[in-house]
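Before any comments, here is the structure.
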Amino acid sequence: MINRKDMIDLFRASSAYINAHRGKVFVVLLSGEAQADGNFSNIVYDLSLLHSLGIKLVLVQGARPQITAALEKANMNSSYHRNLRVTESKCIEIVKQTVGILGINIDALFSTGTRNSPMHGSDIRLCRGNFVTAKPAGIHDGVDFHFTGKVRKIHATAINKQLDQGSLVVLSNLGYSLTGEVFNLSAEEIATEAAIALNAEKLILMIPEDGVIDDEGQLISSLSESDAKKYADKKAKLLDEESKCISQALYASLRAYSNNVHRTHLISFKSNGALLQELFTREGNGSLVSNDSFDKLREASISDVTGVLDLIRPLENDGTLVERSRELLENEIQNFKIIEFEGAIIACAALYPIDFQSGEIACIAVEPNKQKNGYGEQLLASLEKNATELGFTKLFVLTTVASHWFIEKGFSEANLDELPDQRKKLYNMQRKSKVFLKKLS
Ligand SMILES: CC(C)(COP(=O)(O)OP(=O)(O)OC[C@H]1O[C@@H](n2cnc3c(N)ncnc32)[C@H](O)[C@@H]1OP(=O)(O)O)[C@@H](O)C(=O)NCCC(=O)NCCS
């Protein structure tokens with residue numbers, strides 16, 4: 001059970017995100033797999049919370065596994081080509097029925113409002129309509145896709161009108177052609193094209209894993225365009241359904257990325273609360289493909305020593321930072337994280353272990369003309385996360401000039417005696433730095 005103080009801290013810490021997201025358009029893909037998962041009702045609760053916080057939501061409803069099951073039940077197996085289902089004319093009625101049933105189930109979930117439900121009082125209006133104009137996918141490599149379609153147009157003005165009136169817009173994977181026919185489309189394609197047409201702040205793709213996982217089994221929380229391409233190509237070569245799904249999501253993020261949708265989140269549909277954690281905490285809980293500076297935050301390596309020295313020398317010279325020789329920095333560079341901007345190191349900070357329970361933040365510096373952009377905060381948050389992962393419960397910092405900055409980041413002034421003995425012995429009495437401490441949970 002979360003204690004009162006943690007709850008208050010958590011709520012306060014989320015206010016910056018609440019303010020940043022209010023009034024923004026998020027397009028969320030709810031794949032058929034996500035709808036079939038036991039966690040889906042929690043996702044609906046969380047989406048309704050986002051709606052209550054003033055986020056304009058466009059939900060895109062997939063139906064792939066449900067259509068496969070319905071076709072199999074009717075002894076109508078369908079084939080795939082280029083990762084797209086071939087929808088023959090005999091199948092389209094079953095596709096329509098399946099998509100209709102899924103839509104009704106979603107409407108019902110969003111209508112929940114009993115007193116004991118998190119949806120109590122939310123009173124959400126869902127809006128559906130002919131917002132997607134489709135065209136036939138055509139014939140490729142001699143394969144006729146029949147009633148499988150592609151997006152011809154997303155009617156962004158009409159969608160925006162509904163969003164402005166406070167509705168939550170739901171798009172299914174069906175599109176309507178100018179000839180009055182119904183086409184079966186890829187929900188990923190609709191979500192991506194809708195995000196582009198609406199100039200959405202975020203495209204959110206629900207996937208079966210926690211995010212993109214690297215070769216060591218670690219979640220990659222932030223991916224650049226080139227990383228996303230590398231992992232998309234790698235996953236595309238694997239045959240299992242989960243890898244296929246993640247490669248499709250990454251390709252969708254790349255298309256969004258090159259069309260001005262600057263942030264695509266890949267979030268697990270299996271993990272309860274992952275959406276809230278990703279959107280309202282700095283640590284997140286998924287993988288973000290983005291083109292902003294956060295992508296460039298990384299661990300320093302020996303080749304960064306010169307760049308870090310260039311950054312910190314002026315601050316050493318004016319006494320803000322303790323002097324470090326090149327040799328010392330070469331030995332300690334593994335403790336540093338840096339932020340790179342167009343090839344130059346513009347910010348750095350280090351985490352030094354003191355003992356098994358405590359660590360020290362040191363040498364935090366941001367290029368003067370890049371300050372006040374949140375880089376310092378990003379580095380601190382990233383090192384705090386490392387400290388927590390290392391099992392540290394106490395994080396110290398010794399500073400002469402930045403006490404208020406650290407207080408604003410949750411540190412409190414401490415006595416010299418609170419420093420572990422081995423660090424106290426190295427305390428420089430002439431600098432008279434103040435000691436600050438943050439307890440980590
Ligand atoms: C402290 C420092 C790392 C912060 O980096 P940053 O990227 O500018 O920080 P953020 O963008 O996350 O935060 C900026 C906010 O912190 C404030 N701030 C910056 N330095 C501060 C200080 N010494 N005391 C109090 N507030 C400070 C800024 O005024 C700004 O607030 P505002 O948005 O209300 O105007 C950076 O100012 C710096 O490099 N300073 C010189 C080196 C230094 O003092 N290092 C600390 C050694 S222990």
Side-chain angles (χ1 to χ4, degrees), residues 9 12-20 222 280-284 290 292-300 304 307-324 328-329 332-333 335-342 344-354 358-387 392 394-416 418-419 423-424 426-438 440:
D9 289 347
R12 283 193 184 135
S14 62
S15 60
Y17 297 98
I18 294 174
N19 291 327
S222 177
F280 296 102
T281 67
R282 184 162 287 288
E283 315 82 73
S290 78
D292 62 16
S293 60
F294 196 66
D295 294 348
K296 317 282 188 325
L297 192 160
R298 62 170 172 83
E299 281 170 14
D304 297 316
V308 172
L309 282 174
D310 288 346
L311 175 68
I312 63 175
R313 275 294 178 250
L315 293 161
E316 292 178 352
N317 293 342
D318 75 14
T320 305
L321 297 177
V322 179
E323 263 188 43
R324 282 172 174 77
L328 185 70
L329 192 60
E332 296 180 349
I333 195 72
N335 295 324
F336 278 73
K337 284 199 166 179
I338 56 146
I339 294 181
E340 239 183 330
F341 187 76
E342 291 174 350
I345 295 175
I346 56 144
C348 72
L351 170 67
Y352 289 83
I354 301 177
S358 41
E360 181 184 351
I361 296 287
C363 203
I364 183 159
V366 177
E367 179 74 34
N369 63 6
K370 291 278 189 298
Q371 289 178 5
K372 295 195 179 190
N373 282 304
Y375 294 125
E377 196 181 353
Q378 285 175 24
L379 278 168
L380 183 63
S382 173
L383 292 176
E384 266 187 36
K385 192 171 172 226
N386 285 7
F392 295 164
K394 290 178 182 175
L395 197 55
F396 289 94
V397 68
L398 277 68
T399 182
T400 51
V401 291
S403 19
H404 278 205
W405 191 78
F406 284 104
I407 289 169
E408 282 170 28
K409 306 287 173 275
F411 285 77
S412 314
E413 192 163 359
N415 288 323
L416 188 54
E418 288 180 74
L419 268 180
R423 179 63 183 89
K424 213 179 341 175
L426 300 173
Y427 181 80
N428 183 335
M429 289 296 179
Q430 264 126 42
R431 274 182 73 77
K432 292 202 175 78
S433 304
K434 287 187 173 174
V435 179
F436 287 85
L437 167 64
K438 185 169 185 177
L440 305 174

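Each ligand, and each atom within it, is numbered from 1 in the order the structure gives.
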Close N/O pairs between ligand 1 and protein, under 3.5 Å:
| unit_1 | atom_1 | unit_2 | atom_2 | d |
| --- | --- | --- | --- | --- |
| ligand 1 | 7 (O) | Gly376 | N | 2.8 |
| ligand 1 | 8 (O) | Lys372 | N | 2.8 |
| ligand 1 | 9 (O) | Trp405 | NE1 | 3.4 |
| ligand 1 | 11 (O) | Asn373 | N | 3.3 |
| ligand 1 | 11 (O) | Gly374 | N | 2.7 |
| ligand 1 | 12 (O) | Glu377 | N | 3.2 |
| ligand 1 | 13 (O) | Trp405 | NE1 | 3.3 |
| ligand 1 | 16 (O) | Trp405 | NE1 | 3.3 |
| ligand 1 | 23 (N) | Val401 | O | 3.1 |
| ligand 1 | 35 (O) | Lys372 | NZ | 3.3 |
| ligand 1 | 37 (O) | Gln371 | OE1 | 3.4 |
| ligand 1 | 39 (O) | Val366 | N | 2.8 |
| ligand 1 | 39 (O) | Gln371 | NE2 | 3.3 |
| ligand 1 | 45 (N) | Ile364 | O | 2.9 |

Let me see the working for Phe411 and Phe436 under ring pair (Phe, Tyr, Trp, His ring centres under 6.0 Å), right down to the final yes or no.
CA-CA 6 Å; Phe411 285 77; Phe436 287 85; 7.5 Å; no
Check whether more than 12 heavy atoms from other residues, nucleotides or ligands sit under 6.0 Å from atom NZ of Lys394, and answer yes or no.
no
Any side-chain donor near an acceptor of the partner, Lys337 and Ser382, under 3.5 Å:
yes
I need the Ile312 CD1 to Thr320 OG1 distance, nearest 0.5 Å.
11.5 Å
Between CG of Leu321 and SG of Cys348, what distance do you get to the nearest 0.5 Å?
7.5 Å
Partner of Glu367 under side chain to side chain contact (heavy atoms under 4.5 Å, CB included), chosen from Asp310, Ile345, Leu311
Leu311
